[in-house]
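Structure below; questions to follow.
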Amino acid sequence: MQLSVTDNIAEQDHNDLLAGLRAYNQQFIDLPLAHGDIGVFARDDNGALLGGLTGQHKGEWLCIKYLWVSEETRGTGLGKQLMQAAEEEARRKGCRHALVDTFSFQARPFYEKQGYRLQMTLEDFPYQGMQRHYLSKPL
């Protein structure tokens with residue numbers, strides 16, 4: 001057996017690892033039905049991105065990975081629209097809950113205004129004096 005440590009994960013290594021993990025998980029859950037991407041994007045008339053949200057549905061959960069709204073559209077309700085569209089699509093796919101995480105310098109109050117409730121906080125993450133908050137919401 002060889003053990004290797006790397007800063008550059010080869011695509012094949014990543015794919016092999018996921019294949020093994022999925023084969024194991026398949027014993028417990030129907031992966032093709034339980035997993036998929038969700039994306040919502042807002043663009044101006046010229047096609048420039050104004051904001052977007054990406055996430056995945058995993059079983060009955062919407063897991064929001066990234067949400068970004070351009071500086072010029074902040075405060076216009078675009079973030080709320082992106083969230084609502086993603087949640088609606090997640091419900092259509094059978095999700096009953098949503099999960100998001102955010103850093104202390106980001107958007108916790110925004111998510112709380114959308115009905116998300118704090119579930120856990122990691123202190124000193126990613127650096128001392130910062131926190132990573134995990135919030136969830138029933139759909």
Closest non-hydrogen atoms of G59 and C95, given as atom of the first, atom of the second and distance, are O-SG, 4.1 Å

Tell me whether the count of non-hydrogen atoms from other residues, nucleotides or ligands lying under 6.0 Å of CD in Q27 goes above 12.
yes

Please check this pair: side chain of K93 against backbone of H57, looking for a donor-acceptor N/O pair closer than 3.5 Å.
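A pair under 3.5 Å: no.
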
Output the distance between atom NZ (K65) and atom CG (D37), rounded to the nearest 0.5 Å.
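Rounded to the nearest 0.5 Å, the NZ-CG separation comes to 7.5 Å.
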
Is T102 close to F110 at the side-chain level, that is, under 4.5 Å between some pair of heavy atoms?
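With C-beta onward as the side chain, the pair stays apart.
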
Can you tell me if CD on Q119 sees more than 12 non-hydrogen neighbours from other groups inside 6.0 Å?
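Count over threshold, so yes.
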
Looking only at heavy atoms, the pair that brings K58 and C63 closest together is CD-SG, 4.0 Å

Residue set satisfying side-chain hydrogen bond (donor to acceptor under 3.5 Å, both in side chains) with R117, at least two apart, ordered chain then number -> none

Please list every donor-acceptor pair under 3.5 Å in which a side-chain atom of residues 125-133 meets a protein atom from a residue at least two apart or in another chain.
{"unit_1": "Q131", "atom_1": "OE1", "unit_2": "S104", "atom_2": "OG", "d": "3.4"}
{"unit_1": "Q131", "atom_1": "NE2", "unit_2": "G129", "atom_2": "O", "d": "3.4"}
{"unit_1": "R132", "atom_1": "NE", "unit_2": "D101", "atom_2": "OD2", "d": "2.8"}
{"unit_1": "R132", "atom_1": "NE", "unit_2": "Y134", "atom_2": "OH", "d": "3.3"}
{"unit_1": "R132", "atom_1": "NH2", "unit_2": "D101", "atom_2": "OD2", "d": "2.8"}
{"unit_1": "H133", "atom_1": "ND1", "unit_2": "T121", "atom_2": "OG1", "d": "2.9"}

Show me the donor-acceptor pairs, under 3.5 Å and distance only, between side chains in residues 9-18 and residues at least two apart or in other chains.
{"unit_1": "Q12", "atom_1": "NE2", "unit_2": "D16", "atom_2": "OD1", "d": "2.6"}
{"unit_1": "N15", "atom_1": "ND2", "unit_2": "E11", "atom_2": "O", "d": "3.4"}

Gap between atom CD of Q114 and atom CG of L67 - 0.5 Å precision
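Here the rounded value is 9.0 Å.
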
Which residues pass the side chain to side chain contact (heavy atoms under 4.5 Å, CB included) test with A98, not counting sequence neighbours?
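By the side chain to side chain contact (heavy atoms under 4.5 Å, CB included) rule, A98 matches L62, Y116, L139.
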
Decide if atom CZ of F28 counts as having more than 12 heavy atoms of other residues, nucleotides or ligands within a radius under 6.0 Å.
yes

Do the side chains of E88 and R91 get close enough for a salt bridge, i.e. N-O under 4.0 angstrom?
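Between R91 and E88 there is no salt bridge, as every charged N stays at least 4.0 Å from the carboxylate O atoms.
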
Answer with yes or no whether the hydrophobic clustering places M120 together with I64; edges join I, L, V, M, F, W, Y residues whose side-chain heavy atoms lie under 4.5 Å apart.
no

Do other residues, nucleotides or ligands put more than 12 heavy atoms under 6.0 Å from the CZ atom of R96?
no

Ignoring hydrogens and geometry, is there a side-chain-to-backbone donor-acceptor pair from D44 to N46 under 3.5 Å?
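Yes; judged by distance alone, with no hydrogens or angles, the pair exists.
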
Consider side-chain contact (heavy atoms from CB on, under 4.5 Å). Of L49, L50, L82, which one does F41 pass it with?
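Among L49, L50, L82, the one meeting side-chain contact (heavy atoms from CB on, under 4.5 Å) with F41 is L49.
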
Going by atom types only, do T73 and S70 share a side-chain donor-acceptor pair under 3.5 Å?
yes

Contacts of T54 that satisfy side-chain hydrogen bond (donor to acceptor under 3.5 Å, both in side chains) - sequence neighbours left out:
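In terms of side-chain hydrogen bond (donor to acceptor under 3.5 Å, both in side chains), with neighbours along the sequence ignored, T54 is linked to no residue.
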
Rounded distance [0.5 Å steps], CZ in F105 versus CZ in R108
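Spacing of CZ (F105) from CZ (R108) equals 14.5 Å.
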
What heavy-atom pair brings V40 and A85 nearest, and what distance separates the two atoms?
CG1-CB, 3.9 Å

State, with a plain yes or no, whether a side-chain heavy atom of Y111 is found less than 4.5 Å away from one of M83.
yes

Would you kindly confirm whether Y66 and L78 end up in one hydrophobic cluster when ILVMFWY residues are joined by side chain heavy atoms under 4.5 Å apart?
no

Linking Ile, Leu, Val, Met, Phe, Trp and Tyr through side-chain heavy atoms less than 4.5 Å apart, which residues share a cluster with W61?
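Besides W61, the hydrophobic cluster comprises L99, listed by chain and residue number.
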
